[in-house]
Amino acid sequence: MKRPDPVRLQRLQDIAAMKRDAELAKLAVVAQSRARLLEALDGLTQAEEPLDAGSGPGLNRARLAHMRWIEGRRRVLNQRLALVNADYLAGRPAAMKAFGRAQVLDALVTREKARRKLPS
């Protein structure tokens with residue numbers, strides 16, 4: 001069985017590590033964007049105030065207008081969240097593949113180094 005060239009194997013390992021890091025970085029950016037959108041949605045939920053029966057009509061109109069604004073903003077954020085989730089789901093397989101390749105090459109390099117150290 002032909003043994004792989006150690007220099008070539010090391011280069012492949014380096015390339016796979018760079019690809020893994022790049023794919024994971026892309027995925028991390030999307031995950032951060034997702035987290036910010038979820039925080040904004042949570043903030044909108046906390047900003048909602050129930051209407052009091054004893055408050056005046058002016059205050060009730062202001063609160064209704066604010067609730068309409070919250071609903072519109074929630075709609076926009078949910079649409080963005082759907083797009084970000086789609087990006088995350090689309091990028092995840094590439095990141096997993098790059099991670100797997102890097103793991104396999106790491107194992108191959110480790111095995112070849114151990115094999116070269118053993119007396120023949």
Side-chain angles (χ1 to χ4, degrees):
M1 180 171 153
K2 184 179 173 184
R3 293 288 177 191
D5 177 26
V7 174
R8 185 168 185 237
L9 196 57
Q10 184 62 48
R11 280 190 214 143
L12 286 173
Q13 182 188 27
D14 293 343
I15 291 169
M18 286 188 286
K19 180 73 174 167
R20 176 200 61 214
D21 294 344
E23 292 295 333
L24 290 176
K26 283 186 217 175
L27 205 57
V29 168
V30 174
Q32 288 172 350
S33 182
R34 183 178 182 273
R36 282 192 303 270
L37 287 168
L38 288 171
E39 261 182 50
L41 282 167
D42 187 46
L44 287 177
T45 301
Q46 292 175 3
E48 286 180 316
E49 288 184 36
L51 293 175
D52 292 334
S55 30
L59 184 57
N60 281 339
R61 276 194 301 274
R63 283 188 178 166
L64 285 172
H66 185 247
M67 288 174 74
R68 281 192 302 271
W69 177 85
I70 287 175
E71 287 304 315
R73 185 74 180 138
R74 183 176 285 128
R75 230 181 339 271
V76 168
L77 291 175
N78 277 322
Q79 289 169 349
R80 287 183 187 167
L81 182 60
L83 292 173
V84 168
N85 277 335
D87 287 345
Y88 182 81
L89 291 174
R92 197 165 170 234
M96 289 179 1
K97 188 175 186 179
F99 186 82
R101 282 182 178 163
Q103 290 293 99
V104 167
L105 283 165
D106 288 346
L108 280 173
V109 167
T110 302
R111 188 177 73 191
E112 283 303 309
K113 283 181 182 177
R115 186 193 61 82
R116 277 184 270 140
K117 288 181 182 179
L118 292 175
S120 300

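Nearest heavy atoms, P93 versus A90: CD-O, 3.4 Å. Contact detail for R74 and T45: the closest heavy-atom pair is NH2-OG1, 3.5 Å.
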Which pairs would a plain distance check flag for residues 4-13, meaning a side-chain donor or acceptor within less than 3.5 Å of a matching protein atom at least two apart in sequence or in another chain?
from: Q10; atom 1: NE2; to: Q13; atom 2: OE1; distance (Å): 3.1
from: Q10; atom 1: NE2; to: D14; atom 2: OD1; distance (Å): 3.1
from: Q13; atom 1: NE2; to: D106; atom 2: OD1; distance (Å): 2.6

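Under the 4.5 Å side-chain heavy-atom criterion for grouping Ile, Leu, Val, Met, Phe, Trp and Tyr, L41 is connected to W69 within one hydrophobic cluster. Cluster annotation: V30 and L24 are assigned to distinct hydrophobic clusters (Ile/Leu/Val/Met/Phe/Trp/Tyr, side-chain heavy-atom contacts under 4.5 Å, transitive).
Rounding to the nearest 0.5 angstrom, the gap separating the CG atom in N78 from the CZ atom in R80 is 11.5 Å. The distance from atom CG of L27 to atom CG of D87, rounded to the nearest 0.5 Å, is 10.5 Å. Separating the NZ atom in K97 from the CD atom in E23 is a distance of 10.0 Å, to the nearest 0.5 Å. We find the CG-CG distance between L81 and L38 to be 5.0 Å, quoted to the nearest 0.5 Å. To the nearest 0.5 angstrom, L77 atom CG is 11.0 Å from R75 atom CZ. From N60, atom CG reaches atom CZ of R63 across 7.0 Å, with rounding to the nearest 0.5 Å.
Salt bridge absent: E39 and R36 never bring a charged side-chain N and a carboxylate O closer than 4.0 Å. Ion pairing between a basic and an acidic side chain is recognised when a charged N comes within 4.0 Å of a carboxylate O; R68 and E71 show no such pairing.
The local environment of CZ in R101 is sparse, with at most 12 non-hydrogen atoms from other residues, nucleotides or ligands closer than 6.0 Å.
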